[in-house]
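First the structure, in the form of structure tokens, and then the observations on it.
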Amino acid sequence: MRPIVLAAASSLLMLGAACGANGQTGPAAAPGAPVETRPANGADQTPAFAGQTRAPGVQTQGTLRHAVVASGLVHPWGMALLPDGDWLVTEHPGRLRIVSAQGQVGAPITGLPAVDARGQGGLLDVILSPGFATDRTIFWSYAEPREGGNATSVARGVLTEDGVSVGNVQVIFRALPTYDGDKHFGSSLAFDPAGHLFITLGERSDAPMRPQAQQLDSHMGKVIRINADGSVPQDNPFVGQAGALPEIWSLGHRNVQGVAVQPGTGAVWTIEHGTRGGDELNRPQAGRNYGWPIIAYGVEYRGAPINEGITARAGLEQPVYYWDPVIAPGGQAFYSGAMFPGWDGNLLIAGLGGKSLTRLVLDGDRVVGEERLLTGLGERIRDVAVGPDGAVWVITDEEDGKLVRLATAS
């Protein structure tokens, strides 16, 4: 395995001075003009309401800078902040490490189960228990190898005080059915204020699997809600319904790779990959159907319409916001912190294909502004989180993956 190195001080790059106050390379979008100027793939598709796509561009005032804190991580996927300011970081091939805020990268933590790291599979998200300070429990999602194929599973375990291993490992959720594929595993994790664990899943991509996003006897293409021990909350929308899996919270999703709980409201927000166009931001509600693959924005990868190009149908929910062309979203986080007071309540979204960090300004359940940050980094941004001082941290999904800190220049 390649050595993991600490970033040199010279990796600190000024974004505001070199690239404009909003941290973008090249000329910034005119105030109010959408940041996306490329033609839409679904050129003949009309948004369902004003502002559903291409919201007005906004610009952060002041100078930002980013520092590469650590490098040499192999396709990092998920990150979780520890109470001491260090980070738990997953690597796609199946390794979990502690990376300090100063850039020291620990050895792989032992005790995790095997993963199927083919294609988009591997070790995925990681999250702390709401009671981590006393129980030291962590949760992680991964592509689990099974007889006949694989699927997304979620496990929990206790991180030792020295951070070198996890014990008492239990698999608390296994997505069904098992399928022999290497795409669309999801999967992001978040706890709501009541302690319910939300798990996001994909529909496994391949044409024979797509319809399962609409089937209640399959976990594919769903948002899942369980208790921390793996049991099912009795107020889940499909509990007691014949033929329905009780863990399902919402259905009709394609490949949901980001979930965040909104401070103050406790609302769950998700973001999912479209095809060529149609990345979606949703606020999934209990029992509701978000349409895939019946309705969608954008087109198939080969250019053909998706289900004759239908974007709306009675009984199917519309996304809060969508992108066409796509940003290929990863993880997301709501901002709350002292460093960027003007961002309070904004949604930060990691961008893979767009190689940027997207900031969305929200007004209730509508997007009213969009900004692209860290474009000068030039790397696929996989996940995002907010540090104790309000600085923003991201990881990049590269063979030489990086932990990066975005802060003000003061």
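Just so it is clear, the structure is predicted and the values come from calculations on it, not from any experiment. These values consider heavy atoms only, across backbone and side chains, with no hydrogens, waters or symmetry-generated copies.
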Would you mind reporting whether S250 and R225 have side-chain heavy atoms less than 4.5 Å apart?
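Counting from C-beta outward, R225 and S250 never come under 4.5 Å.
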Close side-chain approach of P177 to S218, heavy-atom, < 4.5 Å
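A side-chain contact exists here, since the closest heavy-atom pair is under 4.5 Å.
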Taking the inter-plane angle between the rings of H92 and H75 on a 0 to 90° scale, is it parallel (under 30°), tilted (30 to 60°) or perpendicular (over 60°)?
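H92 vs H75 ring planes: perpendicular.
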So which heavy atom on [X] is nearest to which on [Y], and how close?
X	Y	answer
V384	G331	CG1-O, 3.8 Å
E91	R97	OE1-NE, 2.8 Å
A101	D86	N-OD1, 3.3 Å
S141	V154	CB-CG2, 4.0 Å
V115	P93	CG2-O, 3.5 Å
L124	T90	O-OG1, 2.7 Å

For [X] and [Y], does a side-chain donor sit closer than 3.5 Å to a side-chain acceptor?
X	Y	value
Q318	Y297	yes
H219	E247	yes
E370	Y321	yes
W323	T358	no
N289	E317	no
T270	N282	no
S129	D135	yes

So does T110 get a backbone contact from the side chain of S165, meaning a donor-acceptor N/O pair under 3.5 Å?
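Side chain of S165 to backbone of T110: no pair is present.
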Are more than 12 heavy atoms, taken from residues, nucleotides or ligands other than D235, located less than 6.0 Å from that residue's CG atom?
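Counting neighbours around CG of D235, more than 12 heavy atoms of other residues, nucleotides or ligands fall under 6.0 Å, so yes.
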Could you check whether R204 makes a cation-pi contact with F185, meaning its NZ or CZ is under 6.0 Å from the centre of the six-membered ring and within 45° of the ring axis?
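Yes, R204 sits over the ring of F185.
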Measure from NZ or CZ of R359 to the centre of the six-membered ring of F340 and say whether it is under 6.0 Å with the direction within 45° of the ring axis.
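Judged by the rule, R359 and F340 form no cation-pi pair.
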Decide yes or no on side-chain contact (heavy atoms from CB on, under 4.5 Å) for L406 and L374, but give the supporting numbers first.
CA-CA 8 Å; L406 176 66; L374 288 177; 4.1 Å; yes
Sequence neighbours left out, what pairs pass side-chain hydrogen bond (donor to acceptor under 3.5 Å, both in side chains) with at least one residue falling in residues 376-390?
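Pairs touching residues 376-390 that pass the test: Q257-R382, E379-T396, E379-K402, R380-D397, R382-D397, D389-R405.
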Does the distance from a Lys or Arg side-chain N to an Asp or Glu carboxylate O, for E272 and K222, drop under 4.0 Å?
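Between K222 and E272 there is no salt bridge, as every charged N stays at least 4.0 Å from the carboxylate O atoms.
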Residue pair L96, V89: steps toward the side-chain contact (heavy atoms from CB on, under 4.5 Å) verdict
CA-CA 6 Å; L96 176 65; V89 178; 5.9 Å; no
Could you walk me through whether W343 and T60 pass the side chain to side chain donor-acceptor pair (under 3.5 Å) test, one step at a time?
CA-CA 9 Å; W343 292 9; T60 298; 3.0 Å; yes
For N41, enumerate each residue passing the side-chain hydrogen bond (donor to acceptor under 3.5 Å, both in side chains) test, keeping only those at least two apart in sequence or located in another chain.
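N41: side-chain hydrogen bond (donor to acceptor under 3.5 Å, both in side chains) contacts with R276, D324.
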Decide yes or no on side-chain contact (heavy atoms from CB on, under 4.5 Å) for I294 and L316, but give the supporting numbers first.
CA-CA 9 Å; I294 299 170; L316 301 180; 3.8 Å; yes
Let me see the working for L251 and W292 under side-chain contact (heavy atoms from CB on, under 4.5 Å), right down to the final yes or no.
CA-CA 8 Å; L251 65 152; W292 179 259; over 6 Å; no
For the aromatic rings, using the six-membered ring if either is Trp, is the centroid distance between F198 and F191 under 6.0 Å?
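When the ring centroids of F198 and F191 are compared, they turn out to be at least 6.0 Å apart.
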Name each donor-acceptor pair under 3.5 Å that joins a side chain in residues 259-267 to protein atoms two or more places apart or in another chain, with its distance.
residue: Q262; atom: OE1; partner: T265; partner atom: OG1; Å: 2.9
residue: Q262; atom: OE1; partner: W269; partner atom: NE1; Å: 3.1
residue: T265; atom: OG1; partner: A267; partner atom: N; Å: 3.1

